[in-house]
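To keep things clear, I will list the structure first and then write my remarks on it.
Proteins come first, then strands; the chains are lettered A, B, ... in the order of their sequence lines, and each starts at number 1.
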Amino acid sequence: MSNASKQTDWKTPAAMAIPKEGYFTLEQGRYGPIYPRTPACHGFTIISKIKAGTESDIRAYGTTIEKAIEGSPDALAPLKLHYLRWVLFDIGPDKYFMYQGIFDTDFDKYTEDAIQLFKATGVTTVFEKLEGFPMDWRTNAPAFIKFVREHQCPSFLEYGEYPFVTAAEIKKALALKDAFSAMLDQMQ
Amino acid sequence: MLDLDDIQHFLLMRPRALAARYGFLSFRKPDDGRAWLAGIIDRVGRGRAEAAGDHTDARWVTVAFTLNGLRALGVDEASLATFPEEFRQGMAARAAMLGDTGANHPDHWVGGLASPDLHAIVILFARDVAERERSVHEHQKYAAQFPGVEVLSILDLEATPPLDYAHDHFGYRDRMSQPEIEGMGVTPTPGSGAPLKPGEFFLGYPDEGGNQPPLPQPEILSRNGSFLAYRRMEEHVGRFRDFLRQNGSTPEEQELVAAKLMGRWRSGAPLVLAPTRDDPELASDPQRNNNFDYGTMDPHGYAVPLGSHIRRMNPRDTAPNMNRRRMIRRGGTYGPPLPEGVPDDGVERGLAAFVGCASLIRQFEFAQNVWVNDPNFHELKNERDPFVGTHDGSYDMTIPKRPIRKKITGLPAFCTTKGGAYFFLPGIRALKFLAAGAKED
């Protein structure tokens with residue numbers, strides 16, 4: 001792995017160029033190659049063509065997820081997410097879906113937990129609208145994982161303004177700041 | 001309902017055995033292998049006898065196979081292809097992911113365990129050493145008829161004294177936390193969670209995901225079967241005792257360090273319930289000794305460090321999806337005990353244990369890859385399980401403490417993996433199917 005992948009001071013922004021394969025040296029995880037942690041944490045970008053006529057269903061699902069998180073803000077906590085971005089876009093006459101997630105855990109390690117959560121929150125409802133998605137995914141975890149890995153497009157550049165900082169560390173720092181602010185208020 | 005007439009007893013109940021022998025076999029001649037198996041099936045322990053509380057037995061026999069063993073007995077390639085990929089590859093092929101590197105690498109494994117010639121294991125648990133020797137002698141006489149069944153190696157196990165409770169060579173009380181299976185009628189001890197769906201351990205039953213996964217084919221071979229991950233771990237007792245002396249100036253301090261590495265005192269008393277001093281009475285009370293959580297009772301690890309062994313192997317309420325990660329452990333200690341105050345004699349001693357589950361990749365491999373060896377588990381950054389993690393002296397152990405935590409750097413390797421293998425533990429009907437040449441009647 002390049003030196004750039006080594007953890008550096010969070011105050012020094014860092015970029016990392018990544019080989020075409022998505023990793024520097026082949027290291028096998030349980031389900032396949034392990035992708036490196038970059039200054040922009042772990043993450044994946046899954047791109048897949050959607051089944052014809054399902055665009056409005058997929059868009060409507062954005063609202064469903066919004067409401068689910070409102071009702072249960074910790075629903076996705078086990079994924080250790082920073083951000084999710086869902087995008088629909090055209091290539092010629094076809095419509096494609098992009099699922100981009102930035103998180104702190106190695107996806108290979110927590111694959112089954114992610115599937116369980118996708119199931120619980122109904123994210124899989126969107127996956128079922130993707131072409132080639134195994135409809136027997138409920139009982140066939142390996143097929144689900146294979147689909148995700150086959151549709152993952154590794155980054156060739158990632159950048160972090162505050163590299164290698166986890167969401168938990170950010171939340172701890174902000175909580176500390178709040179606590180100090182409260183303490184200073186109390187001392188007025 | 002569990003088919004107790006068909007499921008082997010091995011994962012269902014734990015008979016009181018003080019001695020054991022594991023025999024690792026290779027079927028040089030398939031016909032001999034099948035004939036040997038046909039004659040031994042009636043000796044194999046079934047779930048029914050154990051569940052009925054039949055305590056007249058003094059020995060319990062279990063038989064399981066590697067993928068190559070199933071192939072050698074005649075299972076065709078189309079059927080083998082329906083078995084999970086990780087079982088097909090075998091434990092040695094997955095060494096890098098499991099952390100079996102350096103001194104733990106399969107190149108250094110003993111007993112022919114990394115060899116493709118390993119086909120089967122026959123496990124004998126016996127009430128005592130005399131009964132083991134009697135059974136071994138009986139089996140040797142029987143097996144002599146089948147020269148095509150080669151014994152690659154054997155391992156004898158004996159409980160480490162004192163025998164009042166099971167413990168390893170380091171002195172830690174074992175068997176404190178085991179999952180119970182729905183339908184077996186056993187009430188879990190407080191803190192152990194509800195009984196789990198049988199599909200977590202046996203193929204062909206609903207699991208905790210609310211599903212009944214498809215069976216490997218043919219069904220007669222896979223139904224009521226389980227997968228076993230076998231690990232032979234040498235325990236470096238001298239090195240462990242030296243470490244305690246280096247990190248504690250009094251016996252009391254040394255005991256506390258030992259407890260912090262494990263998460264329990266060596267007596268078995270959990271640190272969450274006995275954070276400052278040992279409590280042997282608590283340790284031996286099953287109504288209390290497992291009755292704790294981490295999320296509310298010890299969120300920062302002031303009692304049980306986040307990286308300690310029991311907090312990794314069973315994070316309880318602090319990990320999602322826990323009911324899909326549980327495993328059933330079986331096994332025991334081998335090698336002579338090292339008396340206190342005696343320098344290490346270099347003789348191999350350790351634990352030889354099995355993890356039983358329905359999915360090696362989801363249960364055993366997850367635990368090994370993530371809970372045991374991920375340096376960033378619980379955001380610890382540079383730690384691994386102090387006992388079963390892969391160590392080369394470059395990892396740390398953080399012990400949270402007010403006002404300032406204690407950090408032990410350069411943790412030595414207390415254990416070395418000396419061997420391992422993946423086995424399929426078939427039901428009784430499947431054993432008969434295999435003995436008949438893997439052909440259905």
Point to revise | Pair B:Tyr205, B:Glu182: side-chain N/O donor-acceptor within cut-off below 3.5 Å | key: no

Point to revise | Neighbours of chain A found in residues 394-404 of chain B - heavy atoms under 4.5 Å | key: none

Check your understanding: Which residues, numbered in order, of residues 317-327 of chain B come under 4.5 angstrom of chain A by heavy-atom distance?
Key -> B:Pro320, B:Asn321, B:Arg324, B:Arg325

**Study point:** Short side-chain to backbone donor-acceptor contact, A:Asp108 and A:Gly29, under 3.5 Å
**Key:** no

Practice item. Step through it carefully: locate the ring centre of A:Tyr35, locate the ring centre of A:Phe44, and say whether they are under 6.0 Å apart. Key: no

Review point. Judged by atom type as modelled, is there a donor-acceptor pair below 3.5 Å linking the side chain of A:Lys177 to the main-chain atoms of A:Lys172?
Key: no

Review point. Side chains of A:Trp86 and A:Gln100: do they bring a donor and an acceptor to under 3.5 Å?
Key: no

Exercise for review: Verify, without hydrogens or angle tests, whether A:Thr54 (side chain) and A:Asp57 (backbone) share a donor-acceptor contact under 3.5 angstrom.
Suggested key: no

**Study point:** Interface residue of largest heavy-atom contact number with chain B, from A:Arg30, A:Lys80, A:Lys109, under 4.5 Å
**Key:** A:Arg30

Check your understanding: Is the backbone N or O of B:Gln217 less than 3.5 Å from a side-chain atom of B:Thr82, with the two atoms forming a donor-acceptor pair by type?
Key -> yes

Review point. Which residues pass the side-chain contact (heavy atoms from CB on, under 4.5 Å) test with A:His42, sequence neighbours left out?
Key: A:Arg37, A:Phe103, A:Asp106

Practice item. Using a heavy-atom cutoff of under 4.5 Å, enumerate the residues of residues 85-101 of chain B that contact chain A, numbered in order, or state 'none'. Key: B:Arg94, B:Met97

Check your understanding: Does A:Gln152 use its side chain to pair, donor to acceptor, with the backbone of A:Ile47 at less than 3.5 Å?
Key -> no

Point to revise | Which atoms of A:Glu112 approach chain B - backbone, side chain, both or neither, heavy atom under 4.5 Å | key: both

Review point. Relative to each other, are the rings of A:Phe89 and A:Tyr96 parallel, tilted or perpendicular (30° and 60° limits)?
Key: parallel

Check your understanding: Judged by atom type as modelled, is there a donor-acceptor pair below 3.5 Å linking the side chain of A:Thr105 to the main-chain atoms of A:Phe107?
Key -> no

Check your understanding: Parallel, tilted or perpendicular: which describes the rings of B:Phe83 and B:Phe227, with under 30° parallel and over 60° perpendicular?
Key -> perpendicular

Check your understanding: Under 3.5 Å, side chain of A:Ser155 to main-chain N/O of A:Glu158, donor-acceptor pair present?
Key -> no

**Study point:** A:Phe133 and A:Phe144 aromatic ring geometry - parallel, tilted or perpendicular at 30°/60° bounds
**Key:** perpendicular

